[in-house]
Amino acid sequence: MNRHTPVHYLVTLFLLMSLLLPMLPLSGAAQTLPDNATPDAQTADNELFLPVVMNTLTPIIPDTTEVLTEDTTQHLLSVSEDGATFTFDQMTPELDALDAGDVMVGNVSDAAPHGFLRQVSAVTTTGGQTEVTTVPATLEDAIQQGAISISKQLTPADIQSATTLPGVLLRPMSASAAANTFFIELNGVVLYDEDGNLFTDDDQITADGSIEVAPEFNFDWSVRDWQVQELSFIYESTQTAALELSVEVDGSKKKEISLAHYNLGTITTFVGLVPVVFTIEMDVYVGIDGSVHVGVTAGVTQETTFTGGLRYEDGDWDPISDFDNDFTFDPPTPSAGVDVKGYGGVELSLKLYGVAGPYAAANLYLKLKTDVFADPWWELIGGLEVPVGVEVEVLGHELADYEALTIDSGIVLAQAPTNQPPNMLSNPIPADEAVNQSINVSLSWIGGDPDGDDVTYDVYLEANDVTPDVLVCDNLSVTTCAPGGLLAGTHYYWQVIATDEPGESTTGPVWDFTTGTSANNPPNTSANPTPNDGAMNQSVTVDLGWTGGDPDGDAVTYDVYFEADDATPDVLVSNDQSATSFDPGTLITNTHYYWQIVATDVHGAVMPGPVWDFTTGSGGPPPSEMVYVPAGEFQMGCDPAHNGGWGCQSNELPLHMVYLDAYSIDMTEVTNAQYAQCIAAGACSLPSNFSSITHAYYYDNPTYADYPVIWVDWYQSSAYCTWAGKRLPTEAEWEKAARGTTVRAYPWGDQNPDCSLANTYYDDTGTACVGDTSAVGSYPAGASQYGALDMAGNVWEWVNDWYVSNYYTSSPYSNPTGPETGIYKVLRGGVWNQSWSTLRVASRGIDDPSSEYFTTGFRCVFIPGD
């Protein structure tokens, strides 16, 4: 799980694809998932779109075609990787009838999940096993005459399996959506990473957005006298898509990645007795091609209905195309030097016997092109490309592979008006000809651009020269400039030159002012404290605030002294800060705190403020329903000998000894009902979403009161624990509670997970145990050594630590609390819709602390004496 919040600039470029699949919050690499969002069982409101299959030509099957029935395929042990060798555990009458040169055809079976179509080279029997060696064959070899016509509307119910990138999520359909509609969200999907390190987020291109799509296809094929006469493949779709890209890199970029690959099942039709097996697959991809630059933004939504395809008849190929699309957009604010095309799509392919066949893609794109020497100097272009092709490996001998761009349409959505130079500079501060100004004066003005272009400013200032040419601030994006300490009693002249993005400039007037000769005054006395002086029952997460300033306009820094139960605080907790606020961290309940601000100006004049005080409140309820973890050592990290058969990740090494003081930890994850008490007390904020993956009403539904609260970020989780008189566990505290004093792969031991031990995704069957969260404590057989429940599976759990990948190499022996700073917070325990690997007690997930998901919750710890 990986969110990236410091966005330097946005390129809201293009509409992407037709179809995506669900994805978990990022906790590592791309993963293969079960169908965790398959619609419920068939109801009147959930129409099942079965394929329409027609055979319109009387089939003629030659004697040289031999169809192996289930009586024989049940004995198929294996098929070699190249598809040439079939091994059966015994000879059958059907195998005995095979001769060299015959075409061998079979339907779907365990050993041949896509069926098979091969020409026999030889049949041999050795050691009780029968081996058939083959070479490739085509439908023309197997069928003298016949036809197939298939129509299929694809729905979320067709999904068999999927491999997706982090951040791709298939949402439950709204009540108004058709049953054949996919609704997909992209949440921080990383499309490009300059250094290949997901933990550095200032060099990435990420995508957020949504897509609604309803695809279908038609396939027709006929053969006469062993030769293909007609072949057509048509792809139709209606979709609405909107996407925002966040770009934090400069320069020329060309990158295409796959977001999702998924299997939408098989269709078997018969020409006579010959089974023709189609596997339906879809690949979703995105790409960017061109140069990007700071400051480029554009937003577009595209609604598209299209039909694209190919038809082969009488030896000729003809394209099929029809489309209707509509755009809405926000006017872009482009930068010079940009010529970038963002695109994305989904490729639908029908594979015959798992080998080859027709395919089609729908590429939606948005292109932003700029040229400062052209008029207009920028254009925003939206378009649609639909390439359709056929790989004919198993279709016929006379055909050749063919591909055509059946739809290639682009329209200009917006373009720049004739550029105008920046506005004339005005309203100077200090005012023109002002006198007695501070030697630390800050210059400011009003600028802007009539076209809305970005503007930068160069500031020239010089003493006693009416034509100032000394550059003191350059390439500013703000309308202020601090020239530094000036001389007292001196006449200064200054001028600002504004330049817009296309390169037009406006030179402002020359202004002047005179500095004063009076002595420096000390800073203002700090005032207006927050919390109010003497305030009672304050939160343990309160922030300190005050007002300050300087009568001369000098820059001021502040030292903060803060101490408990001492009316003369002398503990310096922050020094030389320019802000008039300070976060002292989580405080102790029912404690009297004293604090004081000392202000210093740039000349060294000091002004101590008064001593203020406040008292914290009692916090939340006392600890309850917790398990006790005694003081002592345990081994933390990954031991490959006790790791469930998985390899150790580098961030889980080395295995090292850790000592922890005694503590108690919640027996279960915090529930919806418990979290609601904190909200009622005014100490917590609501989850960002009230639904789960399968329950539209989850958080505020009494049915799920004892289920884990989800959709809460790290800050909300920490606030709850503080209100409850506890805190989030450190990573070491969480791992000891899950592992105990014996090295083991999972909380219960080294036994592989199953649906009696944890709410997880069951690797052996490729299904989720529940398909959503379960009530806390539902898996007592999976309890840890100390009796903690759900330490593996159900939902990820926030812990207190910042994340650094190599922290274990320098972690202290006693009571480690993690790195002092970081970008991401650690998550532990795995989740209900993810591989067993994440359930290991050594597994470490990470996420931005402000992120929240339907798979993330938490539990708290209580430390005696805190």
Rounded distance [0.5 Å steps], OH in Y720 versus CD1 in I679: 10.5 Å

For the residue pair P747 and V841, establish whether any side-chain heavy-atom pair is separated by less than 4.5 Å. yes

Are a donor atom and an acceptor atom from the side chains of Y808 and H656 found within less than 3.5 Å of each other? no

Kindly indicate whether the side chain of P849, heavy atoms from C-beta on, has any atom under 4.5 Å from the side chain of Y715. yes

Please round to the nearest 0.5 Å and tell me the distance separating atom CZ of R840 and atom CH2 of W646. 8.0 Å

Does the side chain to side chain contact (heavy atoms under 4.5 Å, CB included) test come out yes or no for T773 and W832, once each step is laid out? CA-CA 7 Å; T773 60; W832 62 262; 4.2 Å; yes

For residues S581 and D543, is any side-chain donor paired with an opposing acceptor at under 3.5 Å? no

Between E652 and R844 (salt bridge meaning N to carboxylate O under 4.0 Å), is one present in this structure? no

Would you call C721 and F858 a side-chain contact if the rule is heavy atoms closer than 4.5 Å? yes

May I ask you to decide if Y761's main-chain N or O and W836's side chain share a donor-acceptor pair within less than 3.5 Å? yes

Does any non-hydrogen side-chain atom of T163 lie less than 4.5 Å from one of Y262? no

In terms of side-chain geometry, is the basic nitrogen of E625 or R859 positioned less than 4.0 Å from the acidic oxygen of its partner? no

For F634 against A732, the heavy-atom pair lying closest together: CZ-O, 3.5 Å

Cut-off 3.5 Å, side chains only: do S805 and N651 have a donor facing an acceptor? no

Any side-chain heavy-atom pair from V573 and P584 closer than 4.5 angstrom? no

Checking the side chain of Q716 only, and the main-chain atoms of L686 only, is there a donor and an acceptor separated by less than 3.5 Å? yes

Indicate yes or no for a side-chain donor-acceptor contact from N689 to the backbone of S692 under 3.5 Å, with no hydrogens or angles considered. no

Once the angle between the rings of Y707 and Y698 is folded into 0 to 90°, is it parallel (under 30°), tilted (30 to 60°) or perpendicular (over 60°)? perpendicular

Classify the side-chain pair T694/D772 by whether it contains a donor and acceptor separated by less than 3.5 Å. yes

Check the pair L660, K736 against side chain to side chain contact (heavy atoms under 4.5 Å, CB included), reporting the backbone distance first and the verdict last. CA-CA 9 Å; L660 294 179; K736 183 178 180 181; 3.8 Å; yes

The test is side chain to side chain contact (heavy atoms under 4.5 Å, CB included); show your working for Q674 and V709 and say whether it passes. CA-CA 9 Å; Q674 291 169 330; V709 64; over 6 Å; no

Quick one: closest heavy-atom pair of D713 and E852, and the distance? N-CB, 3.9 Å

Do D454 and S477 come within less than 4.5 Å of each other through their side chains, counting heavy atoms only? no

Does the ring center of Y699 lie less than 6.0 Å from the ring center of F690? yes

How close do L789 and Y779 get, counting heavy atoms only, and between which atoms? CD2-O, 4.2 Å

Walk me through it: do N794 and S774 pass the test side chain to side chain donor-acceptor pair (under 3.5 Å)? CA-CA 7 Å; N794 214 15; S774 56; 3.3 Å; yes

Tightest non-hydrogen contact, residues G771 and I693, listed as O-CG2, 3.4 Å

Can you tell me how far CE of M626 sits from OH of Y786, rounded to the nearest 0.5 angstrom? 14.5 Å

Validation row: P687, I710 side chains within 4.5 angstrom (heavy atoms): no

If I compare all heavy atoms of C860 with all of P729, which pair ends up nearest, and what's the gap? CA-CD, 4.2 Å

Under the side chain to side chain contact (heavy atoms under 4.5 Å, CB included) rule, what do N833 and T855 come out as? Steps first, then yes or no, please. CA-CA 8 Å; N833 60 351; T855 52; 3.9 Å; yes

Cation over ring, K825 on W798, under 6.0 Å and within 45°? no

Rounded to the nearest 0.5 Å, how far does OH of Y807 lie from OG1 of T809? 10.0 Å

Side-chain heavy atoms of E735 within contact of M791, under 4.5 Å: no

Take the angle between the ring planes of F854 and W711 and call it parallel below 30°, perpendicular above 60°, tilted in between. tilted

Indicate yes or no for a side-chain donor-acceptor contact from N672 to the backbone of Y704 under 3.5 Å, with no hydrogens or angles considered. yes

Indicate yes or no for a side-chain donor-acceptor contact from S851 to the backbone of D847 under 3.5 Å, with no hydrogens or angles considered. no

Evaluate the criterion side chain to side chain donor-acceptor pair (under 3.5 Å) for residue pair E797 and W734; output intermediate values, then yes/no. CA-CA 9 Å; E797 298 178 20; W734 190 100; 2.9 Å; yes

Please round to the nearest 0.5 Å and tell me the distance separating atom CG of L839 and atom CD of Q834. 9.0 Å

I need the L827 CG to E731 CD distance, nearest 0.5 Å. 10.0 Å

Determine the minimum heavy-atom distance between V542 and D583, stating which atoms define it. O-OD1, 4.4 Å

